[in-house]
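Just follow the structure's listing: the first ligand is 1, and inside any ligand the first atom is 1. Just so it is clear, the model here is predicted, and its values are computed rather than measured.
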Amino acid sequence: MNVNWLIEQAIEARQKAYVPYSSFQVGAALLTENDKLYLGCNIENASYGLTNCAERTAIFKAVSEGENRVKAIAIVGDTEGPISPCGACRQVIAEFSDDNTKIILANLNGDFVETTINELLPGFFSKKDLIK
Ligand SMILES: O=c1ccn([C@H]2C[C@H](O)[C@@H](CO)O2)c(=O)[nH]1
Ligand SMILES: [Zn+2]
């Protein structure tokens, strides 16, 4: 898996962002365990709270096609440092990730970090917490 290639895919996906309210475009590119690629952008709404972030768009596209294990996901925005995903997205990423999932946070200046879900959301709620 080539990190720079996945970031490039996320930058392409970002062009599709629907952002009439914030004008802040975000793109995501996700590679599944079967090496299928899914792209996502943020999609805003006049009812602001209904906005769907780019990374959740990509994940929901993959899951809706039967691909629910993430090998790697790159997220890109025009931020000073690498973008920082919101709490809701961290929890959604957690659902479909494992310790080996590469989470790549990037910006348009070539800065990026590779991290894990445990770093992004320590102690996240998961399936195992539902077992009685
Ligand atoms: O990781 C992030 C951070 C923000 N946004 C979107 C949500 C909203 O449309 C805009 C401003 O918060 O950026 C994402 O899509 N992903
Ligand atoms: Zn989010």
Within a 6.0 Å radius of atom NZ on Lys16, are there more than 12 heavy atoms belonging to other residues, nucleotides or ligands? no
Looking only at side chains, do Asn34 and Glu67 share a donor and an acceptor under 3.5 Å apart? yes
Answer side chain, backbone, both or neither: which part of Ser22 comes under 4.0 Å from ligand 1, heavy atoms only. side chain
Tell me, which pairs form a ring pair (Phe, Tyr, Trp, His ring centres under 6.0 Å) where one or both residues lie in residues 110-132, sequence neighbours left out? none
How about Glu80: does its CD atom have over 12 heavy atoms from other parts shown lying under 6.0 Å from it? no
Using every non-hydrogen atom in the two residues, find where Val26 and Ala54 come nearest and quote the distance to one decimal. O-CB, 3.5 Å
Ignoring waters, how many N, O or S atoms from the protein are under 2.8 Å from the Zn ion (ligand 2)? 3
Are there protein heavy-atom neighbours of atom 12 (O) of ligand 1 below 4.0 Å? no
Test item: side-chain donor near acceptor, Arg90 and Ser84, under 3.5 Å: yes
Give the residue and atom name of whichever protein heavy atom lies nearest to atom 6 (C) of ligand 1, and the separation in Å to one decimal. Asn42 ND2, 3.4 Å
Just which atoms of ligand 1 are under 4.0 Å from any heavy atom in Pro85? 1 (O)
At what distance is the nearest protein heavy atom to atom 16 (N) of ligand 1, and which residue and atom is it? Glu55 OE1, 2.9 Å
Can any side-chain N or O of Glu44 pair as donor or acceptor with the backbone N or O of Tyr21 at less than 3.5 Å? yes
Protein heavy atom at shortest distance from atom 15 (O) of ligand 1: Ala54 N, 2.9 Å
Taking only non-hydrogen atoms of Glu44 and a 4.0 Å limit, the atoms of ligand 1 in range are 8 (C), 9 (O), 10 (C)
Go through it in stages, so that I can follow the logic: the residues are Lys102 and Glu114, the test is salt bridge (Lys or Arg N to Asp or Glu O under 4.0 Å), and I'd like the CA-CA distance, side-chain angles, deciding distance and then a yes or no. CA-CA 6 Å; Lys102 294 181 193 308; Glu114 190 181 310; 3.6 Å; yes
Minimum non-hydrogen distance to atom 14 (C) of ligand 1, winning option of Val26, Ile83, Leu105: Val26
Evaluate the side-chain hydrogen bond (donor to acceptor under 3.5 Å, both in side chains) criterion for residues Asn52 and Asn42: first the C-alpha distance (whole Å), next the side-chain angles of each, then the deciding distance (0.1 Å), finally the verdict. CA-CA 6 Å; Asn52 208 68; Asn42 50 334; over 6 Å; no
If only side-chain N and O atoms count, and only distance matters, is there a donor-acceptor pair under 3.5 Å linking Ser126 with Glu95? no
